[in-house]
Asks: 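Sharing a structure below in C-alpha cells format, with a few things to ask.
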Amino acid sequence: SIKTIHELVVLNITNIIKAQSVVIYQFHDDKAINLTRCRDGVLYHEKESLVPCSACKVILAHGRSSQITGNLTREFSDSCCFASSDYRSYIGIPIRSYSSNPVGMICVMRREEKPFYEYEIHLIEIFARYIAYEISRRRMERQMLQSREMKLLGQLTSGVAHEVRNPLNALMALSEALFKRIGDDSEYEQYMKHIKNQIDRLSTLMEDLLALGRPLRKDDLHEVSVSNLLSDAVTNWQQVALERNERVKMMAIPRSEDIKVNVDTTKLQQVFLNLLDNAEQHMNDDGAITIKVSDKDEHYVRIQFCDTGSGIGQKDLQHVFDPFFTTRKGGTGLGLSIVKNTVEHHGGKISLFNNDPQPGLTVEISLPVSAG
C-alpha cells in the first residue's frame, strides 16, 4: 500500500542521513493527503487533509528541490513541519509524476544548522522518483480498469438500446394509430397522455444509453477556443427560453480566447447544455448560474459551473456520477454519467461540490490545453 511505502521511505531516510524529522504527503485538490511523518524515530499518520505549509509552497513555487536554513520556527510560524521543534535545516523535494506535475512532497528537517550534502539530496530524490513511479502506476491501473469497465458498459447499454429500439418504434406507431382512432374523446385523454409520456421517457432513455456507449472518434476532434465553445453553448441554451438570458454570467480570464482545447465540439457543447439544465432544475426562479474560466496550470484549463440552487446532500455526492442515480423527478439518471464519460474521454476530469458558503453547487471541469 502507499501507506506502507511512505513508512518505509521515511524510516530509511531518517536512518541513512540521520534526520530528526521526515514528512511525505501527496496532493489532492491543493491539499496534502496520505501524510506520513517520522519524528525522532516515531511514525505518525495524519488523517485529516492539510494545506501545504508556506515552506512547502516556496518549493512548489520554485518547481524544484530547495533547502532552507536558519530559525525555521520563527521564519515559517504557520508551518506544521516546524511547529513542535527547533529545526534549523530543511529540504523539500517535489515528487513528480511522468507529466512533470508535482504529485507530492518529501520534507526533511534537522535541528543542526548545516546544508544537506549532494549525496543526501540525491538519495532523497531517488526515493521521490520511486514514490512517483508507484503513484503513477496505481493511477494508470485504475484508469485502465475504469476504461475497461466503461467500454463493457458502453457495449452492454448500446446492445440493450438497439434491442429495445425496434419494439419501442412499433409501440410509438401503434399508439399514434390508436390516438387517431380515438380522436378527441375526453374519456381516454388521461390514458393517452400517460402512454405518450412513458413512450417519450423510454425514447429519451434509449438515446442516453446509445450516447453512453458511443466512443470518441479522433476524426471528430477539432481545436477550438474555450471561450467560443462556452459562448456557443450558452447561446444555444438561452434560445429555448427568453428568461434564461438573465440567468447566466460568464467570468473568464482576459486571455481565455487564446486558450484552445482539442475536442469534439458537439459532445462538449452537449456536456455544457446538460450542466446548465441540471443547474436550472435545482434553482428557484430568481436563481443565477456563473461560468468561470481560469488557468488550473499550464497544461489544463478549469471551467466551473456555479449555481445558487439547493445543492446536493452529502450522502448523494459520492453517487452523482453513477449510472441510473438521480435526484431529479423524471430523470433517467444517465445525464451526469454521460457528462463524466465524455469529459474523461477528452483526457479531462470532473468534480462536483457544494458551495461554501451556501447556497448552491459547483461543477468543475479540467480539460487539457491544446499543444497548438
Asks: Starting from the C-alpha separation in whole Å, work towards a yes-or-no answer on side-chain contact (heavy atoms from CB on, under 4.5 Å) for W237 and V248.
Replies: CA-CA 10 Å; W237 186 73; V248 181; 3.4 Å; yes
Asks: Step through the shown structure and confirm whether more than 12 heavy atoms of other residues, nucleotides or ligands are within 6.0 Å of CE on M251.
Replies: no
Asks: Is there a path from L8 to Y130 through hydrophobic residues (I, L, V, M, F, W, Y) whose side chains come within less than 4.5 Å of each other?
Replies: no
Asks: Output the distance between atom CD (E120) and atom NZ (K18), rounded to the nearest 0.5 Å.
Replies: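 NZ of K18 is found 11.0 Å from CD of E120.
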Asks: Main chain of I312, side chain of N354: is a donor-acceptor contact present, judged purely on distance under 3.5 Å?
Replies: yes
Asks: Would you say the side chain of L268 lies within less than 4.5 Å of the side chain of H346, judging by non-hydrogen atoms?
Replies: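 Yes, at least one pair of side-chain atoms sits under 4.5 Å.
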Asks: Locate the shortest heavy-atom distance separating E134 from I5; write the atom from each residue and the value.
Replies: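 Where E134 meets I5 most closely, the heavy atoms are CG-CD1, 3.6 Å.
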Asks: Could you walk me through whether I106 and V23 pass side-chain contact (heavy atoms from CB on, under 4.5 Å), step by step?
Replies: CA-CA 6 Å; I106 300 179; V23 179; over 6 Å; no
Asks: Any side-chain heavy-atom pair from L275 and V271 closer than 4.5 angstrom?
Replies: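 In contact.
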Asks: Would a distance-only check, ignoring hydrogens and angles, find a side-chain to backbone donor-acceptor pair under 3.5 Å from S366 to G348?
Replies: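 Flag not set: sc S366 to bb G348 has no pair under 3.5 Å.
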Asks: Should R110 and I91 be marked as a side-chain contact (heavy atoms from CB on, under 4.5 Å) after you check the CA-CA gap, both sets of side-chain angles, and the distance that decides it?
Replies: CA-CA 9 Å; R110 284 176 175 152; I91 186 167; over 6 Å; no
Asks: I'd like to know if the side chain of T362 and the backbone of N355 have a donor-acceptor N/O pair within less than 3.5 Å.
Replies: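 Looks like no, no N/O pair under 3.5 Å.
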Asks: Quick one: CG on L230 to CD1 on I291, what's the gap to the nearest 0.5 Å?
Replies: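 It is 5.5 Å, given to the nearest 0.5 Å.
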Asks: Is the side chain of T69 donor-acceptor paired with the backbone N or O of E113 at a distance under 3.5 Å, no angle test?
Replies: no
Asks: I121 versus Q67: any side-chain heavy-atom pair under 4.5 Å?
Replies: yes
Asks: Can you name the closest pair of heavy atoms from F321 and L336 and give their distance?
Replies: CD2-O, 3.5 Å
Asks: Given side chains that start at C-beta, do those of R247 and M283 come closer than 4.5 Å, heavy atoms only?
Replies: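 R247 reaches M283 side chain to side chain.
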Asks: Are Y44 and Y87 linked, directly or through other ILVMFWY residues, by side chains that come within less than 4.5 angstrom of each other?
Replies: no
Asks: Let me check something: do F305 and F353 share a hydrophobic cluster, defined by ILVMFWY side-chain heavy atoms less than 4.5 Å apart, either directly or through other members?
Replies: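 No: no chain of side-chain contacts under 4.5 Å links F305 to F353.
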Asks: For atom CD of E112, is the number of surrounding heavy atoms from other residues, nucleotides or ligands below 6.0 Å larger than 12?
Replies: yes
Asks: Find the distance between CZ (R302) and NZ (K349) and round it off to the nearest 0.5 Å.
Replies: 11.5 Å
Asks: Can you tell which of H222, K260, E223 makes a side-chain hydrogen bond (donor to acceptor under 3.5 Å, both in side chains) with S370?
Replies: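 When side-chain hydrogen bond (donor to acceptor under 3.5 Å, both in side chains) is applied between S370 and each of H222, K260, E223, only E223 qualifies.
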Asks: On a heavy-atom basis, which atom in A288 and which in T308 lie closest, and how many Å separate them?
Replies: N-OG1, 3.0 Å
Asks: Is the number of heavy atoms from other residues, nucleotides or ligands under 6.0 Å of Y119 OH greater than 12?
Replies: yes
Asks: For a quick test of reading the model, state the closest non-hydrogen atom pair linking R96 to A132 and the distance between them.
Replies: O-CB, 2.8 Å
Asks: Who passes salt bridge (Lys or Arg N to Asp or Glu O under 4.0 Å) against D40, sequence neighbours left out?
Replies: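 Listed in chain order: R111.
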Asks: Indicate yes or no: at least one non-hydrogen side-chain atom of I24 is less than 4.5 angstrom from one of F127.
Replies: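 SC-SC contact between I24 and F127 ruled out.
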Asks: Please report the closest heavy-atom contact between V369 and V261, naming both atoms and the distance.
Replies: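 Closest heavy-atom pair between V369 and V261: CA-CG1, 4.5 Å.
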Asks: Would you mind telling me which of L361, V339, N278 makes a side-chain contact (heavy atoms from CB on, under 4.5 Å) with L352?
Replies: L361
Asks: CD of E280 to CG of D307: how many Å apart, nearest 0.5 Å?
Replies: 11.0 Å
Asks: Nearest 0.5 angstrom please: L367 CG to Y300 OH, how far?
Replies: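 The CG atom of L367 sits 9.5 Å away from the OH atom of Y300.
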Asks: Can you name the closest pair of heavy atoms from A19 and M109 and give their distance?
Replies: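 Here A19 and M109 meet closest at CB-O, 3.8 Å.
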Asks: Does a side-chain heavy-atom distance below 4.5 Å link F272 with L229?
Replies: yes
Asks: Should Q270 and T342 be marked as a side-chain contact (heavy atoms from CB on, under 4.5 Å) after you check the CA-CA gap, both sets of side-chain angles, and the distance that decides it?
Replies: CA-CA 10 Å; Q270 190 57 50; T342 302; over 6 Å; no
Asks: Side-chain contact test, heavy atoms from C-beta onward, threshold under 4.5 Å: evaluate it for N12 versus L123 and give yes or no.
Replies: no
Asks: Would you indicate whether the side-chain heavy atoms of K3 and E7 approach each other to under 4.5 Å?
Replies: yes
Asks: Distance from M250 atom CE to S231 atom OG, nearest 0.5 Å?
Replies: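 These two atoms lie 4.5 Å from each other.
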